[in-house]
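It should be emphasised that the depicted structure is a prediction, and the values quoted were computed from it without experimental measurement. Lettering follows sequence order; numbering is per chain, from 1.
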Amino acid sequence: MPLRVKKATCTGCKLCQLACSGWHERCFNPEKARINVEHDYNEKGIHIGIHFCNQCNKCIDTCPENAISSNGKWILVDRNLCIGCKTCSKTCPLDAVRYDSEGKSVICDLCEGEPQCIDWCPKEVIYFREKKTQAGRETT
Amino acid sequence: MNSFIGKMLNVDLTSGKIETVSIPTEWAEKYTGQKGLGTRILMEDLDPKTDPLSPQNKIVMTSSIMAGTIVSCSAKLAIATKSPQTGTITDGSIGGHAGAELKYAGYDAICISGKAEELSYLYLDPDKAEIRSAAELKGVGTFETEIRIKEMAGDPQVKVLANGPAGENQVLFSCISTERYRQLGRGGIGAVMGSKNLKAVAIRGWLDVHVPDMKECLKVAKELHAADKIDDAEYEIYTDGTPILVDFSQESGLLPTDNFQEGTFEGFEKINSASMKEVRAAKKACFSCAIACGNYLKGSKSDVEGPEYETIALCGSSIRNDSRDRIIEINSICDDVGLDTISAGAVIAYMMEMTEKGLHDFGIRFGETEKAVEMVRKIAFKEGVGAEGAMGTKKLADKYGGAEFAMHVKGMEIPGYDPRGSWAMGLAYVSAPRGGCHMSAYPIEAEAWGDLDPYTYEGKADLVVGLQNSQFAKFSMGVCDFWPVASDNLAKLYSVTYGGKWTAEEVDIIGERIFNLQRIFNIMAGFDGGDDKLPGRFHQENLKSGPPKDISMPEEAFMKSMQEYYRLRGWDDKGKPTLEKLKALGVEDRFVQQYETYLATS
């Protein structure tokens with residue numbers, strides 16, 4: 001099941017990023033999260049941007065090294081195959097790919113099925129949505 | 001790096017020398033972060049007699065142990081300095097991301113002294129710290145300053161603490177801004193930055209913050225967020241934010257109206273939370289905050305994140321302004337030019353009353369809200385009569401009279417709660433180290449909005465002492481006021497972020513220690529119990545409407561209650577902490593000796 005967001009209700013607290021880095025990296029650092037929230041004032045008012053993996057799988061299709069795959073539930077990156085060419089991030093429509101200290105791709109793995117961002121989001125901005133069924137309907 | 005890094009950036013703007021120094025672990029354990037750490041650093045080598053606007057004064061910016069972690073509402077940045085408005089120690093905190101960013105940059109604190117030759121800004125990140133020219137930003141508002149500093153630094157992720165023209169012009173109640181609408185409002189921090197030719201501080205960080213046991217930290221933080229229901233969709237600070245207090249204050253008859261001549265305001269429904277929500281475009285949270293108190297409003301002329309209750313009270317009802325749009329406009333201008341909305345509204349209300357009473361013609365009367373908008377700008381730029389307003393209420397009253405309705409304590413204008421409707425607030429106002437302030441204790445919640453009789457002093461000194469101790473601990477450990485976290489839970493949060501096993505008793509003693517340290521700073525700056533007084537109006541004039549109708553606060557009983565307060569604090573009858581008390585609290589010997597010498601020679 002991919003993640004979805006209700007952008008308008010996001011308050012920009014970034015607890016999702018802290019939960020993500022805490023769970024994955026065992027440290028608090030929003031820059032190391034697999035989700036990234038922008039919530040700033042600009043000339044028109046508030047700009048909200050939430051960069052997250054919605055499992056469109058474009059990175060899988062375009063990775064020249066076949067380092068990215070899916071187990072049917074979430075994305076997997078094989079660090080042994082990744083050469084840090086950044087093709088995946090150039091392809092990603094939501095700018096959701098990050099890099100580790102060795103320049104290798106880091107992509108949301110839904111915390112292996114229990115996304116901490118959903119658990120920690122205080123305003124229920126992030127949620128699961130089931131992929132379209134064969135009948136073309138979406139179910140939440 | 002750990003949640004307590006043990007590093008401070010020392011910046012001397014006169015010589016341009018920048019160095020990183022160690023912060024002893026003992027300071028983290030005795031004073032923790034933010035308010036407490038800032039107070040401790042300031043006490044280290046600042047003479048309490050220092051002229052606040054001289055290069056010798058210091059600006060101490062502090063993060064907290066919990067900042068940068070997942071603990072909610074913990075990312076505020078505190079600033080301590082000697083206040084040019086009051087002559088006391090002052091400290092406050094600013095929301096947004098700055099406190100966490102300082103931690104991610106690798107520092108617990110920044111201590112700035114001296115005076116730069118030209119208008120400058122301080123840039124720091126984990127790799128470098130530099131004083132850079134900001135000459136091109138002279139007179140520029142905080143909104144544009146923030147944008148331009150980000151451009152100059154070449155990084156939109158930089159967090160900027162920006163000073164406005166009011167601060168450059170050393171208006172005594174000038175504030176600083178970050179992320180447009182987050183301010184450190186009180187005490188004249190902007191004027192101190194202005195006196196140092198410091199236009200802004202720009203912080204960028206990307207380092208990891210570690211806690212002793214990540215799994216335990218995540219578990220405890222999650223449990224306590226849920227236990228205190230801070231992320232509850234019905235929590236009023238989220239659904240409404242502080243404007244909800246307009247209705248509460250009106251109902252309790254303590255909404256400052258016409259410079260505290262009345263406690264109810266006819267037009268309150270035009271400026272209450274229901275009215276503000278009609279033009280609300282979005283909610284906004286500070287970094288790591290599960291609550292999200294911020295209301296982004298689009299008024300007819302201006303946008304603002306706000307107005308907070310205090311702004312509505314002082315720039316609304318207290319100047320007889322029932323226009324939502326006008327309040328938004330004043331708020332937005334104050335944020336941009338860098339003026340504390342509480343003091344700005346209060347000084348304008350004083351000028352209005354002086355004019356109406358024929359004591360001095362400041363050319364502005366109650367209800368003249370368009371003139372109030374102009375006055376705010378004139379104060380910021382010290383133009384014409386604005387140069388008078390820039391002095392603040394106390395100095396104006398010293399010059400022109402009307403002291404009984406110059407609504408300040410120790411020179412800091414009183415916020416949005418008439419203490420005649422909640423008597424313990426009066427005790428809190430006079431005993432708060434930084435002057436007329438509602439942040440040291442908020443007994444109104446237990447009195448006017450709770451079960452206690454609001455019109456008696458009985459038991460109130462005890463109430464205020466307890467609240468102040470726990471507030472001082474909370475604001476040092478780093479949690480925002482809007483999380484009503486009890487000391488035992490604060491101890492749990494501290495244990496999982498700093499380490500060890502802390503107790504509620506230890507937390508409260510930390511608060512009491514810091515409160516006493518600030519008190520002896522003020523004593524050594526020349527204050528004593530004689531300065532712990534309210535404006536005469538609260539003692540001499542009855543309110544005319546609402547529940548406290550025909551009520552004022554009897555002065556003799558108030559003084560008696562303050563004696564009770566001093567006794568409970570372990571202070572003498574002049575409000576001076578005893579040496580025994582300081583020692584019992586574990587205040588360092590060198591400060592006790594410094595204080596003892598002062599008492600012997602003064």
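- For chain A, no part of B/Phe143 is nearby; none of its heavy atoms comes within less than 4.5 Å.
- In this structure, CZ on B/Arg180 lies 10.5 Å from CD1 on A/Ile46, to the nearest 0.5 angstrom.
- The candidate with the highest count of non-hydrogen atom pairs below 4.5 Å against chain A, out of B/Leu207, B/Val211, B/Asp303, is B/Leu207.
- Neither the backbone nor the side chain of A/Cys16 comes within less than 4.5 Å of any heavy atom of chain B.
- Around the NZ atom of B/Lys229, the shell of radius 6.0 Å holds no more than 12 heavy atoms that belong to other residues, nucleotides or ligands.
- Between chain B and the residues A/Ala19, A/Pro30, A/Cys10, the largest count of heavy-atom pairs under 4.5 Å involves A/Pro30.
- We find the OH-OH distance between A/Tyr41 and B/Tyr296 to be 6.5 Å, quoted to the nearest 0.5 Å.
- For B/Ala221, the parts lying near chain A are the backbone and the side chain together; criterion is any non-hydrogen pair under 4.5 Å.
- In this structure, chain A has heavy atoms under 4.5 Å from both the backbone and the side chain of B/Glu305.
- Interface remark: B/Ala281 contributes no atoms to any contact with chain A (heavy atom separation under 4.5 Å).
- Counting heavy atoms from C-beta outward, A/Trp120 and B/Lys222 have side chains that approach closer than 4.5 Å.
- Looking at A/Lys14 and B/Glu101, no side-chain N of the basic residue comes within less than 4.0 Å of a carboxylate O on the acidic one, giving no salt bridge.
- Contact annotation: the side chain of A/Leu18 approaches that of B/Ser288 to within less than 4.5 Å [non-hydrogen atoms, C-beta and beyond].
- Of the atoms belonging to B/Tyr104, it is side-chain heavy atoms, and not backbone ones, that fall under 4.5 Å from chain A.
- Taking every heavy atom of both residues into account, A/Leu15 and B/Cys289 meet most closely at CD1-C, 4.2 Å.
- None of B/Asp232, B/Ile230, B/Asp231, B/Ile291 except one satisfies the side-chain contact (heavy atoms from CB on, under 4.5 Å) rule with A/Pro122; the exception is B/Asp231.
- In terms of modelled atom types and a separation under 3.5 Å, the side chain of B/Lys284 and the main chain of A/Cys13 share no donor-acceptor contact.
- Atom CZ of A/Phe28 is separated from atom SG of B/Cys217 by 4.0 Å, given to the nearest 0.5 angstrom.
- With respect to chain B, the highest number of heavy-atom pairs below 4.5 Å among A/Lys123, A/Glu124, A/Gln17 belongs to A/Lys123.
- Residues B/Lys298 and A/Gly45 share a closest heavy-atom pair of NZ-CA, 4.3 Å.
- A side-chain donor-acceptor contact under 3.5 Å links A/Asn29 to the backbone of B/Trp206.
- Remark: A/Glu25 CD to B/Asp208 CG distance equals 8.0 Å, nearest 0.5 Å.
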